[in-house]
Amino acid sequence: LARACCKGARVCVAGAIKVAAGVVMIGGMAVQVALADVCGDPGYEDCWEDCPLPDPMEFNHNALFHALYAAGLLALAAGVLCDTADSWTAAEKPTDPAKELERV
């Protein structure tokens with residue numbers, strides 16, 4: 001079933017990597033929004049006591065978002081490279097002009 005669906009294991013792996021990359025990037029956005037009240041500017045009043053991050057002064061919800069987003073982008077690049085591996089590793093055969101004229 002996987003072969004029929006994905007036409008090869010490498011394509012399935014590349015697709016899974018790209019999907020996981022999107023999930024990580026969207027997860028980073030969700031984390032940023034979810035932690036904005038306790039780790040962002042509103043948390044300043046109580047010195048970020050409710051923030052689950054170890055040091056919100058240095059690494060806050062926005063930094064966590066950017067770290068997750070960067071990891072997702074790297075994974076996406078890896079998935080795209082894996083998906084297009086044939087196109088950049090296979091050398092194209094030079095065409096024979098005589099055979100090209102015969103085809104026409």
Query - side-chain hydrogen bond (donor to acceptor under 3.5 Å, both in side chains) contacts in which one or both residues fall within residues 68-81, not counting sequence neighbours - result: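 Not a single pair qualifies under side-chain hydrogen bond (donor to acceptor under 3.5 Å, both in side chains).
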
Transitively linked via ILVMFWY side-chain contacts under 4.5 Å: [X] with [Y]?
X	Y	answer
Phe65	Leu73	yes
Val31	Leu76	no
Phe59	Val24	yes

Distance, nearest 0.5 Å, that separates [atom1] of [X] from [atom2] of [Y]:
X	Y	atom1	atom2	answer
Leu64	Gln32	CG	CD	9.0 Å
Met57	Cys47	CE	SG	7.5 Å
Ile17	Cys12	CD1	SG	11.5 Å
Glu58	Leu53	CD	CG	12.5 Å

Which heavy atom in [X] sits nearest to a heavy atom in [Y], and how many Å separate them?
X	Y	answer
Gly28	Leu68	CA-CD1, 3.6 Å
Ala21	Ala75	CB-CB, 3.8 Å
Ala36	Pro42	O-CD, 3.7 Å

Query raised in the report: Does atom CG of Asp41 have more than 12 heavy-atom neighbours, drawn from other residues, nucleotides or ligands, at distances under 6.0 Å?
Result: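 Atom CG in Asp41 is not crowded, with 12 or fewer foreign heavy atoms closer than 6.0 Å.
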
Report task. Measure from the side-chain N and O atoms of Trp48 to the backbone N and O of Gly40, and report whether any donor-acceptor pair falls under 3.5 Å. Result ->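 Answer holds: yes.
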
